[in-house]
Q: 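Structure provided below as structure tokens; questions to follow.
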There are 2 protein chains.
Amino acid sequence: MSITPKQKVYQGVLQEIRLFIEKNGLTSGDKLPSERELADTLQKGRSSVREALRAMELLGLIETRQGEGTFLSTYRQFHTVELLASFILRENHTRQDLILAKKILEKEAAKLASSGIACADIDELSAIIREKAGSPEQRHTAFFHLLFYRIDNLLLAKVWQLMEEFSGAVGSLYYEEAFYRELLKLYTSGEYLGIEELYEKQGHYKCKK
Amino acid sequence: MSITPKQKVYQGVLQEIRLFIEKNGLTSGDKLPSERELADTLQKGRSSVREALRAMELLGLIETRQGEGTFLSTYRQFHTVELLASFILRENHTRQDLILAKKILEKEAAKLASSGIACADIDELSAIIREKAGSPEQRHTAFFHLLFYRIDNLLLAKVWQLMEEFSGAVGSLYYEEAFYRELLKLYTSGEYLGIEELYEKQGHYKCKK
DNA sequence: TGTCCATGGTGGTCAGACCACCCTTTAATT
DNA sequence: AATTAAAGGGTGGTCTGACCACCATGGACA
């Protein structure tokens with residue numbers, strides 16, 4: 001048991017569990033030793049083992065099923081980041097903070113996506129902004145959802161998604177229709193360098209509360 | 001106590017703590033009620049309260065100090081970040097996501113800060129990059145910490161800080177010394193438009209693991 | 001005024017009790 | 001023999017209580 005002097009027992013237990021998982025090549029769905037077994041093996045109290053397990057459970061790393069045992073979860077990438085971000089976003093930020101932060105992410109995603117944008121993507125984006133069945137907010141969400149997942153940076157996508165969800169509480173944040181069309185024009189013509197300028201001129205949320 | 005049938009006690013406790021924090025407008029450094037008090041107030045066992053607190057602690061949301069109490073964290077302790085990172089940063093792809101996301105935030109902060117940068121700020125930034133007592137990583141953190149708090153967007157600052165903390169676990173990410181100096185030159189000469197170009201040319205982390 | 005000690009509070013850890021649930025084995029019934 | 005029901009042993013879930021180490025405060029004493 002690798003316990004450093006300042007370390008709490010549950011942290012040492014966490015480390016041992018992590019080592020156990022690695023050593024035994026455990027993967028999603030595999031079963032961990034029982035709480036009592038871990039407590040015995042590690043010579044620690046069962047409560048301390050449970051504290052470690054609860055921490056892991058909140059992180060989404062494990063699932064505990066009463067009567068059955070403790071199992072490794074399907075790994076959800078960035079679940080922890082989501083958790084942390086959700087705490088951060090719940091703090092009392094100003095509306096301006098959220099607006100600016102979200103716009104930055106959207107602008108950078110628009111630029112990053114441009115290098116890998118395909119005709120099919122442009123068609124799909126075009127279909128999104130032309131869709132009249134939903135609201136402008138929904139179109140905005142769908143539009144940037146596609147862009148974020150096109151750039152294949154899950155971290156950015158998740159942070160943006162959380163901001164998008166929280167922005168619903170401070171008023172719907174979307175751009176003028178002309179903005180999306182202009183952005184598509186830049187994509188179509190390959191003038192990706194104009195995106196920063198587009199954001200300077202038209203990158204303002206049509207704020208409706 | 002809002003406990004749904006399928007929900008474990010520690011999860012309900014977590015929610016109540018979260019609500020308490022929001023309701024009372026608690027912020028970093030503020031003290032939470034004692035374990036015994038929470039157990040009493042929520043009519044749950046102290047162990048269950050501890051399970052919730054351990055989960056929060058692993059996320060770096062709180063710090064518990066023996067003899068003193070439980071406090072909302074200002075920064076995640078290094079050891080906590082290490083533990084967390086060992087669970088969440090498992091793949092190169094994840095690391096790449098983090099690196100890119102962090103750079104985006106830093107670039108945008110550098111640009112946003114430029115409009116309100118004062119001589120005293122430039123002096124302070126200059127002092128930071130000239131400081132030889134610490135490591136390049138520490139200088140990088142201090143440098144951008146100042147920038148993020150200059151733009152007075154707490155949300156961005158906190159999101160970046162989270163990324164900065166985790167990036168320590170994937171290898172130290174900082175720029176060549178010339179980058180910081182060049183950025184300061186741009187600030188000094190007021191050529192803020194050159195920042196995007198600077199990032200194109202020199203905005204690459206000097207990755208050392 | 002400064003130092004020391006006692007008190008009351010804090011978190012830290014563990015043992016134990018008992019409950020609900022699950023799966024396997026054994027026994028009873030058809 | 002096949003099916004169903006009950007028992008047994010294990011799992012996690014929750015709580016209580018005991019005791020420890022540490023901290024801050026207040027009172028007593030020099």
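Quick caveat: nothing in here was measured; it's all calculated off a predicted structure. A note on names: the letters A, B, ... follow the listed sequences, proteins ahead of strands, and every chain is numbered from 1.
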Q: Heavy atoms only, 4.0 Å cut-off, all strands: where does B/Arg36 land among base, sugar-phosphate and nothing?
A: base

Q: Can you tell me if B/Thr70 touches the phosphate of C/dT10, counting only side-chain N or O atoms and a distance under 4.0 Å to OP1 or OP2?
A: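 Looking at the OP1 and OP2 atoms of C/dT10, neither is under 4.0 Å from any side-chain N or O of B/Thr70.
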
Q: Between atom CD1 in A/Ile62 and atom P in D/dG12, what is the gap in whole Å?
A: 10 Å

Q: Could you state the CG-P distance from A/Leu42 to C/dC14, rounded to the nearest angstrom?
A: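 Answer to the nearest Å: 10 Å.
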
Q: Without swapping roles, check the side chain of B/Gln138 against the backbone of B/Ser135 for a donor-acceptor pair under 3.5 Å.
A: yes

Q: Run through A/Val159, A/Leu112, A/Leu105 and flag the one making a side-chain contact (heavy atoms from CB on, under 4.5 Å) with A/Phe148.
A: A/Leu105

Q: Charged N to carboxylate O under 4.0 angstrom, A/Lys111 versus B/Glu196?
A: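 Salt bridge flag = yes for B/Glu196 with A/Lys111.
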
Q: Test side chain to side chain donor-acceptor pair (under 3.5 Å) on B/Gln11 and B/Gln15; report intermediate values, then the result.
A: CA-CA 6 Å; B/Gln11 288 168 326; B/Gln15 281 174 0; over 6 Å; no

Q: Using whole Å, what does the distance between atom P of nucleotide C/dC14 and atom CG of A/Leu38 come to?
A: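 Checked: the CG to P distance equals 13 Å.
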
Q: Taking only Lys NZ, Arg NE, NH1 and NH2, and the carboxylate oxygens of Asp or Glu, determine whether B/Glu106 and B/Lys103 approach each other closer than 4.0 Å.
A: no

Q: Is there a donor-acceptor contact under 3.5 Å from the side chain of A/Thr41 to the main chain of A/Leu38?
A: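 Judged by distance alone, no pair lies under 3.5 Å.
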
Q: Please round to 10 degrees the angle between the axis of the first five pairs and the axis of the last five pairs in the helix from C/dT1-D/dA30 to C/dT30-D/dA1.
A: 20°

Q: Which listed nucleotide (D/dT14, D/dG12, D/dT11) is nearest to the side chain of A/Glu37?
A: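 When the side chain of A/Glu37 is considered, D/dT11 is the closest of D/dT14, D/dG12, D/dT11.
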
Q: Any side-chain to backbone donor/acceptor pair from A/Arg36 onto A/Arg46? Under 3.5 Å, distance only.
A: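 No; zero donor-acceptor contacts below 3.5 Å.
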
Q: Would you mind telling me which of C/dC21, D/dC15, D/dA21 lies closest to the side-chain atoms of B/Lys44?
A: D/dC15

Q: Please determine if B/Arg50 and A/Glu51 form a salt bridge, counting it only when a charged side-chain N lies under 4.0 Å from a carboxylate O.
A: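 Between A/Glu51 and B/Arg50 there is a salt bridge, with a charged N closer than 4.0 Å to a carboxylate O.
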
Q: Between B/Tyr199 and B/Tyr175, is the gap from one ring center to the other below 6.0 Å?
A: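 B/Tyr199 vs B/Tyr175: aromatic centres under 6.0 Å.
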
Q: Let's see if you get this right: which residues in residues 46-61 of chain B place a heavy atom under 4.0 Å from DNA chain C?
A: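 The answer is B/Arg46, B/Arg50, B/Arg54.
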
Q: Separation of B/Leu14 atom CG from D/dT14 atom P, in whole Å?
A: 13 Å

Q: Check the distance between D/dG12's C1' and B/Gln7's CD and give it to me in whole angstrom.
A: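 My rounded result for the distance is 17 Å.
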
Q: Nearest whole angstrom, please: distance from the C1' of C/dT13 to the CD of A/Gln11.
A: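 For the pair A/Gln11 CD and C/dT13 C1', the rounded distance is 14 Å.
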
Q: Closest nucleotide of DNA chain C for A/Gly45 versus for B/Glu68: which of these residues is on the 5' side?
A: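 Its nucleotide being nearer the 5' end, the pick is B/Glu68.
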
Q: Starting at CZ of A/Arg65 and ending at C1' of C/dA20, how long is that distance when rounded to a whole Å?
A: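 Going from CZ in A/Arg65 over to C1' in C/dA20 covers 17 Å.
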
Q: Scan B/Gly67 against the nucleic acid and name what it touches under 4.0 Å (heavy atoms): base, sugar-phosphate only, or nothing.
A: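 Answer is base: heavy atoms of B/Gly67 come under 4.0 Å of a base.
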
Q: Are any of A/Thr64's side-chain N or O atoms less than 4.0 Å away from OP1 or OP2 of D/dG13?
A: yes

Q: What is the separation between atom NZ on B/Lys8 and atom P on C/dC19, rounded to the nearest whole Å?
A: 20 Å

Q: Between B/Lys185 and B/Glu182, is there a side-chain N and carboxylate O pair less than 4.0 Å apart?
A: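 A salt bridge is present here (some side-chain N lies under 4.0 Å from a carboxylate O).
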
